[in-house]
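Here's the structure we're looking at; comments come further down.
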Protein chains: 2
Amino acid sequence: MKKEPTGSTLSLAILGLIAQAPCSGYDVRKVFATTPMGHFSASPGAIYPALKRLEKDGLIGGTVDRAQTLRPRQVYSLTAKGRKALCDVLVRPVRREDVIWHMDQLMLRFVFIGNTLGRKATCDFLKEFVREVEAYVVELQGHMGRFPPDTPPYARLGLQHGLHSYRMNAQWARRALRGLQEGSEGDKGAEA
Amino acid sequence: MKKEPTGSTLSLAILGLIAQAPCSGYDVRKVFATTPMGHFSASPGAIYPALKRLEKDGLIGGTVDRAQTLRPRQVYSLTAKGRKALCDVLVRPVRREDVIWHMDQLMLRFVFIGNTLGRKATCDFLKEFVREVEAYVVELQGHMGRFPPDTPPYARLGLQHGLHSYRMNAQWARRALRGLQEGSEGDKGAEA
DNA sequence: AATTTCATGTAACCAGTTACATGATTCA
DNA sequence: TGAATCATGTAACTGGTTACATGAAATT
């Protein structure tokens with residue numbers, strides 16, 4: 001079985017960033033350090049090896065900017081293969097395990113789908129997202145019902161937190177969906 | 001600088017579990033596989049090495065159960081040192097980085113504080129939690145305000161998600177706090 | 001002149017993943 | 001008898017962490 005090239009969430013984040021504008025490693029670090037993308041590590045020990053991997057897999061290509069000067073920089077941009085790989089990840093169906101273990105990755109995908117595939121694809125994604133999240137909420141409610149009545153309140157409250165959290169996710173998605181659908185009769189989708 | 005013995009979230013989860021009742025590796029796996037604790041990996045490649053680490057650090061002690069039989073099991077229980085280490089983690093102040101990067105760990109701590117240190121400590125924890133979460137909400141709102149007006153809606157919606165998420169966290173904590181505080185005066189009243 | 005920022009990296013370490021492996025026991 | 005479950009582990013791999021290292025350019 002061939003290994004998926006964009007394995008980790010960090011790789012996806014970097015790939016998506018570069019898709020929007022060519023970046024150097026330092027640029028990527030700055031974005032992670034100063035924007036809400038700060039949920040990702042900006043440490044050089046994470047960024048530079050990740051860039052190397054993506055380059056080795058042929059998903060991004062680096063060209064040396066300011067070559068002659070004493071302070072050159074590697075600027076990476078997406079290759080055709082990279083764009084293809086990114087799209088493949090973005091249109092992948094939303095699975096139960098994703099909502100349980102990789103919510104952050106799903107949020108990344110949401111933003112990147114919007115920016116690169118346009119409104120329709122985003123709406124499709126959101127519908128799948130809502131479906132899976134709501135299914136998981138039902139599962140959690142089941143757990144809640146199966147707590148023996150003498151359980152100390154803390155475990156119950158902890159589970160409450162999970163429930164609220166996922167309900168909120170579904171609600172956010174439904175709202176976003178409404179917003180995108182009504183605000184879009186005029187449609188300005190993205191391009192290739 | 002001495003390394004913290006309960007480094008990873010998984011280690012904390014295991015330690016907390018064993019604190020409530022002695023467990024074998026298999027027991028731990030079952031809990032992770034069948035309860036809302038399923039956010040942690042139940043794979044043997046994660047559990048057994050983690051148990052070894054905890055044992056090596058002297059935080060848990062294993063005794064062989066059903067020794068003579070052909071299917072013995074290692075049952076681990078907390079050592080005094082382990083209980084101390086657990087408490088140290090639990091009463092550690094809630095820092096900004098925790099709410100950004102280790103929310104799952106904070107939720108674990110919440111439940112374990114309740115079960116092992118009681119109501120007062122839990123309330124203190126929740127107060128700190130609310131404080132840090134709300135501070136972070138303000139920070140995120142700042143980001144939102146600084147979006148240039150021509151930003152495509154998707155990034156904005158992504159940030160929305162984060163905002164809602166953290167607001168919900170704060171709200172959950174405030175509710176839990178109210179519930180615990182009033183439930184303690186009458187001493188019996190569960191919250192609605 | 002000193003500090004900060006730009007810019008790129010490496011090395012040792014740690015922990016989790018997947019997949020594999022073994023063998024007893026219980027139950028259909 | 002064969003499947004599921006009990007019970008414990010290992011090995012190779014992956015990727016992220018911390019800390020270290022280098023040096024030019026811009027700013028104060």
Side-chain angles (χ1 to χ4, degrees), chain A residues 1-15 22-34 38-57 60 62-76 97 100-102 104-105, chain B residues 1-15 22-34 38-57 60 62-76 97 100-102 104-105:
Chain A
M1 169 134 43
K2 202 160 91 238
K3 259 243 24 183
E4 188 82 33
T6 48
S8 69
T9 302
L10 181 64
S11 297
L12 176 61
I14 293 177
L15 206 61
C23 284
S24 68
Y26 192 77
D27 292 337
V28 172
R29 293 186 61 203
K30 249 189 330 190
V31 170
F32 289 174
T34 63
H39 279 262
F40 301 96
S41 164
S43 86
I47 301 296
Y48 291 104
L51 285 170
K52 296 279 180 201
R53 280 197 300 274
L54 290 170
E55 190 177 30
K56 202 190 58 190
D57 293 339
I60 63 178
T63 61
V64 178
D65 196 12
R66 300 205 294 255
Q68 261 58 350
T69 74
L70 284 164
R71 197 205 282 172
R73 28 179 266 147
Q74 275 285 328
V75 176
Y76 294 96
E97 310 96 83
I100 299 178
W101 275 307
H102 304 299
D104 53 344
Q105 206 174 102
Chain B
M1 173 144 29
K2 202 164 85 236
K3 258 243 18 179
E4 187 82 34
T6 49
S8 69
T9 302
L10 181 65
S11 297
L12 175 60
I14 293 177
L15 207 62
C23 283
S24 68
Y26 192 77
D27 292 337
V28 172
R29 293 185 61 205
K30 251 189 327 190
V31 171
F32 288 174
T34 64
H39 278 263
F40 301 96
S41 164
S43 86
I47 302 297
Y48 291 105
L51 285 169
K52 296 278 177 200
R53 280 197 301 274
L54 290 170
E55 189 176 30
K56 201 190 58 191
D57 292 338
I60 61 178
T63 61
V64 178
D65 196 12
R66 299 206 294 254
Q68 261 59 349
T69 74
L70 285 165
R71 197 203 282 170
R73 28 179 266 148
Q74 275 285 329
V75 177
Y76 294 97
E97 312 95 84
I100 299 178
W101 275 308
H102 303 299
D104 52 345
Q105 206 174 104

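In what follows, every chain begins at residue 1, and chains take the letters A, B, ... in the order their sequences are listed. Fair warning: this is a prediction, and the values are worked out from it, not measured in the lab.
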Checklist entry - Taking C-beta and beyond as the side chain, do Arg73(A) and Val64(A) meet within less than 4.5 Å on heavy atoms? => result no

Checklist entry - In terms of side-chain heavy atoms of Gln74(B), which of dG15(D), dT8(D), dG9(C) is nearest? => result dT8(D)

Item to check | Interatomic distance, Tyr76(B) atom OH to Ser24(B) atom OG [nearest 0.5 angstrom] | outcome: 9.0 Å

Next on the checklist: Just the rounded figure in Å: distance from P of dA26(D) to CZ of Arg73(A).
Outcome noted: 14 Å

Checklist entry - Heavy-atom contacts under 4.0 Å between residues 23-32 of chain A and DNA chain D, which residues? => result none

Next on the checklist: Would you compute the distance between atom CD1 of Ile14(B) and atom CG of Asp27(B) and round it to the nearest 0.5 angstrom?
Outcome noted: 12.0 Å

Item to check | Heavy-atom donor-acceptor pair, Ser11(B) side chain to Gly7(B) backbone, under 3.5 Å | outcome: no

Checklist entry - Going from NE2 on His39(A) to CD1 on Ile100(B), what distance comes out if it is rounded to the nearest 0.5 angstrom? => result 6.5 Å

Checklist entry - Counting side-chain heavy atoms from CB outward, which of dA15(C), dT17(D), dG9(D) is closest to Ser8(B)? => result dA15(C)

Checklist outcome for this item: Sorted by chain and residue number, the side-chain contact (heavy atoms from CB on, under 4.5 Å) partners of Gln105(B) (sequence neighbours excluded) come out as Thr9(B), Leu12(B), Arg92(B), His102(B)

Next on the checklist: In whole Å, I'd like the distance from the CD1 atom of Ile14(A) to the C1' atom of dG15(D).
Outcome noted: 12 Å

Give every pair of a protein N or O atom and an N or O atom of nucleotides 21-23 of chain C that lie under 3.5 Å apart, one pair per line with the distance.
none

Checklist entry - Residues in ring pair (Phe, Tyr, Trp, His ring centres under 6.0 Å) with Phe32(B), at least two apart? => result Phe40(B)

Next on the checklist: With a 4.0 Å cutoff (strictly under), does any side-chain N or O of Tyr48(B) reach OP1 or OP2 of dG9(D)?
Outcome noted: no

Next on the checklist: Without decimals, in angstroms, what is the distance between Glu97(A) CD and dT18(C) P?
Outcome noted: 10 Å

Checklist outcome for this item: Which of dG16(C), dG16(D), dA7(C) is nearest the side chain of Arg53(A)? It is dG16(D)

Checklist outcome for this item: Axis-to-axis angle across the helix from dA1(C)-dT28(D) to dA28(C)-dT1(D), five pairs each end, nearest 10 degrees, ~ 30°

Next on the checklist: How many whole angstroms separate atom CG of Leu51(B) from atom C1' of dA7(D)?
Outcome noted: 12 Å

Checklist entry - Taking atom C1' of dG16(C) as reference, at what distance in whole Å does atom NZ of Lys52(B) sit? => result 18 Å

Show me the donor-acceptor pairs, under 3.5 Å and distance only, between side chains in residues 43-54 of chain A and residues at least two apart or in other chains.
residue	atom	partner	partner atom	Å
Ser43(A)	OG	Ser41(A)	OG	3.4
Ser43(A)	OG	Ala46(A)	N	3.4

Checklist outcome for this item: Rounded to whole Å, CD1 of Ile47(B) lies from P of dA15(C) at a distance of 14 Å

Checklist outcome for this item: The residue, Ser43(A) or Tyr76(B), whose nearest nucleotide of DNA chain D is more 5′ is Tyr76(B)

Item to check | Atom-pair distance (NE2 on His39(A); P on dT17(D)), nearest Å | outcome: 14 Å

Checklist entry - When the distance from CG of Leu54(A) to P of dG16(D) is rounded to whole Å, what number comes out? => result 10 Å

